[in-house]
Protein chains: 2
Amino acid sequence: MSIRDVAKEAGVSPATVSRVLNNSGYVHEDTRKAVLQAVKKLNYKPNEVARSLYKGKSKLIGLVLPDITNPFFPELARGVEDYLQKKGYRLLLGNGDGKQQKEIDYLDTFVQHNVVGIIASVDNVDYDFLSNMNIPIVMLDRIVKDLPAVYSDQFQGGSLAAEKLLERGCKEITLVRGPMNIHPVYERFQASLAVLQEANVKVNKIDSNLSFNGAKSRAKELFEKYPDSDGIIACNDIVAVATLHEALRRGRKVPEDVQIIGFDDISISELVYPSLSTIHQPIYQMGSKAAELLLKEIHNEKLDSKRYKFSCSFVERETTKKVGD
Amino acid sequence: MSIRDVAKEAGVSPATVSRVLNNSGYVHEDTRKAVLQAVKKLNYKPNEVARSLYKGKSKLIGLVLPDITNPFFPELARGVEDYLQKKGYRLLLGNGDGKQQKEIDYLDTFVQHNVVGIIASVDNVDYDFLSNMNIPIVMLDRIVKDLPAVYSDQFQGGSLAAEKLLERGCKEITLVRGPMNIHPVYERFQASLAVLQEANVKVNKIDSNLSFNGAKSRAKELFEKYPDSDGIIACNDIVAVATLHEALRRGRKVPEDVQIIGFDDISISELVYPSLSTIHQPIYQMGSKAAELLLKEIHNEKLDSKRYKFSCSFVERETTKKVGD
DNA sequence: TTGAAAGCGCTAACAA
DNA sequence: TTGTTAGCGCTTTCAA
């Protein structure tokens with residue numbers, strides 16, 4: 001069923017139907033009514049594909065995320081989606097899995113589908129590729145040169161984590177370091193490290209990936225290699241929870257024997273027992289801000305700035321010792 | 001840049017380029033090479049929108065989920081996405097939030113975008129609407145009349161939960177019941193209830209929604225109203241974890257004083273302390289099976305059955321007492 | 001105020 | 001083996 005059927009039903013030309021539907025050009029009130037009635041009667045819904053083809057642009061936005069299965073990203077995606085949905089845009093979603101091939105594949109096919117903009121949280125696509133796509137783009141939780149980006153202040157967050165542990169009397173702090181090619185993970189690590197090196201404490205490092213399972217085995221290793229750690233900064237909440245779990249298994253008291261700080265403040269951290277102290281990022285807001293920025297770009301509105309940086313905050317729960325304040 | 005540019009570059013007609021790209025009709029080997037070279041040189045990528053318009057179908061699949069923020073669904077979405085991605089399809093995603101208006105909105109706009117099939121996990125759209133869309137559809141984790149559906153055996157799962165608690169000696173069991181309009185939640189509740197009523201135990205019920213925060217307050221209520229519960233069956237893992245958390249806060253020993261069983265086996269349940277015993281659903285496989293079924297439908301392959309039912313299993317962790325076996 | 005016609009980029013039928 | 005043409009459903013000149 002097409003615009004022609006509606007035109008026929010209303011006794012007008014397709015052009016007129018189009019005008020009514022798009023509120024463009026002059027239409028006599030009576031014709032308008034007739035058209036609307038026909039639309040209703042036939043339950044006509046315009047074909048967005050034809051629209052997209054003619055106009056050269058759609059109501060589609062592409063979103064590439066590392067992995068929707070990692071609890072950080074659904075929250076981010078939701079922020080994006082809610083904003084776009086309200087503005088009448090739909091979301092094309094892909095999981096890049098940190099693999100360049102997949103990331104590029106999605107980026108390319110999104111463009112082939114006439115998406116009108118892209119929000120990308122990718123780790124392996126370079127500036128040249130991204131800017132050669134010639135399409136509005138906003139990096140999310142990632143930074144690539146001077147491309148518009150929305151993110152949280154990892155430097156501040158990383159410093160905060162270290163300061164809080166220092167304030168709480170830790171003397172031997174172990175950093176569980178995530179993959180260094182992931183920009184925010186790298187930054188938060190460096191920031192913590194810098195603060196700790198200024199202080200009079202022992203600092204250990206151990207590597208981990210960001211997944212539940214990976215972190216579990218690294219947590220075991222952590223307690224074997226650095227049994228005297230009295231403070232742990234994990235690269236994210238998942239890793240922190242895995243570490244916490246392992247600490248308890250080994251009979252370490254948290255926070256009495258070991259204090260643990262995570263990163264992100266995903267919803268799990270509140271539900272764990274003892275609940276996890278962590279560096280909060282406004283995840284949902286980041287997503288929705290990215291969507292907002294992207295739509296502004298698309299509509300050629302002025303951006304105050306191409307960057308939007310949220311601050312992090314320390315959420316104290318039960319894996320750190322309260323200090324008087 | 002269009003197929004005409006490639007044609008020009010290769011010194012042939014657009015039709016020939018199309019033939020090469022689609023491996024259809026006869027093309028001389030030399031021309032084929034010339035075309036491929038031109039494609040490469042210009043880095044040409046066909047416009048999927050134009051294809052979609054001409055063919056009346058796309059490489060797009062629509063997925064409507066209740067809420068990607070609920071940890072059950074990312075896993076499901078990932079199963080769907082991975083399968084589709086491998087087959088060259090892309091995903092249009094929407095969160096229905098259990099609201100009819102949003103669910104319908106997404107369904108409608110997906111069709112307007114020429115999606116070639118839909119996977120739906122919706123609670124408020126009826127059979128007539130769904131079947132009138134005239135598009136291949138697979139219900140996921142939901143059942144609507146005789147529409148193709150992929151789900152886990154909630155009846156079996158619910159029974160299992162009750163049986164396990166009975167085996168482990170519980171005498172007063174409280175069921176935390178989720179929203180009864182969500183089909184699988186309803187079924188698992190009924191199944192547990194049926195088993196318990198056959199047994200010689202006291203049964204309590206308390207209502208909750210499925211969210212982290214909702215469950216927290218209901219957990220408090222649970223322990224006030226039914227302080228003697230020695231067994232709890234929660235409607236899902238999130239609710240179970242919230243309940244567990246609250247039990248520990250109140251100094252109840254788990255599983256010594258209270259045993260708790262969740263539902264779903266989302267990844268969180270393994271990371272909680274003590275880790276959560278739960279009814280496992282093969283979430284990822286459900287997603288990928290739904291995608292498989294949908295593509296079969298789309299390609300008019302015979303379906304052995306329009307329904308695909310997975311079984312559930314009991315995953316025993318630390319919130320139930322081990323029994324000798 | 002309305003309609004006819006062209007064209008977005010592609011593919012398929014038909015002709016050459 | 002290849003090219004010409006029409007048309008998918010829509011919007012937008014342009015003419016009436």
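To find a chain, count down the sequence lines: A is the first, B the second, and so on, and within it residues start at 1. All figures in this text were calculated on a predicted structure; none of them were measured in a lab.
In this model, the phosphate group of D/dT11 is approached by a side-chain N or O of A/R51 to a distance below 4.0 Å at OP1 or OP2. For the pair B/S13 and D/dG3, the criterion of a side-chain N or O lying under 4.0 Å from OP1 or OP2 is met. The phosphate of D/dC8 has neither OP1 nor OP2 within less than 4.0 Å of any side-chain N or O from B/S52.
If A/Y44 and B/E29 are placed on DNA chain D by their nearest nucleotide, the residue sitting closer to the 5' end is B/E29.
With respect to B/D146 and B/R307, no salt bridge is recorded, no charged nitrogen being found less than 4.0 Å from a carboxylate O. Looking at B/R78 and B/D82, a side-chain N of the basic residue comes within less than 4.0 Å of a carboxylate O on the acidic one, giving a salt bridge.
Across the protein-nucleic acid pair, B/N47 atom CG and D/dC8 atom C1' stand 13 Å apart, rounded to whole Å. Between the CG atom of A/N23 and the C1' atom of D/dT12 there is a distance of 16 Å, rounded to whole Å. Atom CG of A/L53 is separated from atom P of D/dG9 by 12 Å (rounded to the nearest Å). Straight-line distance from the CG atom of A/L21 to the P atom of D/dG9: 15 Å, rounded to whole Å. D/dT11 atom P lies 11 Å from atom CZ of A/R19, rounded to whole Å. Rounded to an integer number of Å, the gap from OH of B/Y54 to P of D/dT5 is 16 Å. Atom CZ of B/R32 and atom P of D/dT2 are 10 Å apart (whole Å). Atom OH in A/Y26 sits roughly 16 Å away from atom P in D/dC14 (whole-Å rounding).
With hydrogens and angles ignored, the 3.5 Å screen pairs no side-chain donor or acceptor of B/Q281 with any backbone N or O of B/D264. Of the possible polar contacts, none joining the B/S121 side chain to the B/D141 backbone as a donor-acceptor pair under 3.5 Å is found.
Counting non-hydrogen atoms under 4.0 angstrom, A/V49 reaches nothing in the nucleic acid. Within 4.0 Å (heavy atoms only), A/S18 reaches at least one base atom of the nucleic acid.
Out of D/dT1, D/dT11, D/dC10, the shortest distance to the side chain of A/K55 is found at D/dT11.
Counting only N and O atoms by type, the side chains of A/Q112 and A/D108 include no donor and acceptor under 3.5 Å apart. No hydrogens or angles considered: nothing links the side chains of A/N95 and A/Y106 as a donor-acceptor pair under 3.5 Å.
A/F73 is linked by a ring-ring contact (aromatic ring centres under 6.0 Å, His included) to nothing, counting only residues two or more places apart in sequence or in another chain.
For DNA chain C, the span of nucleotides reached by chain B at under 4.0 Å from its heavy atoms goes, 5' to 3', from C/dG9 to C/dA13.
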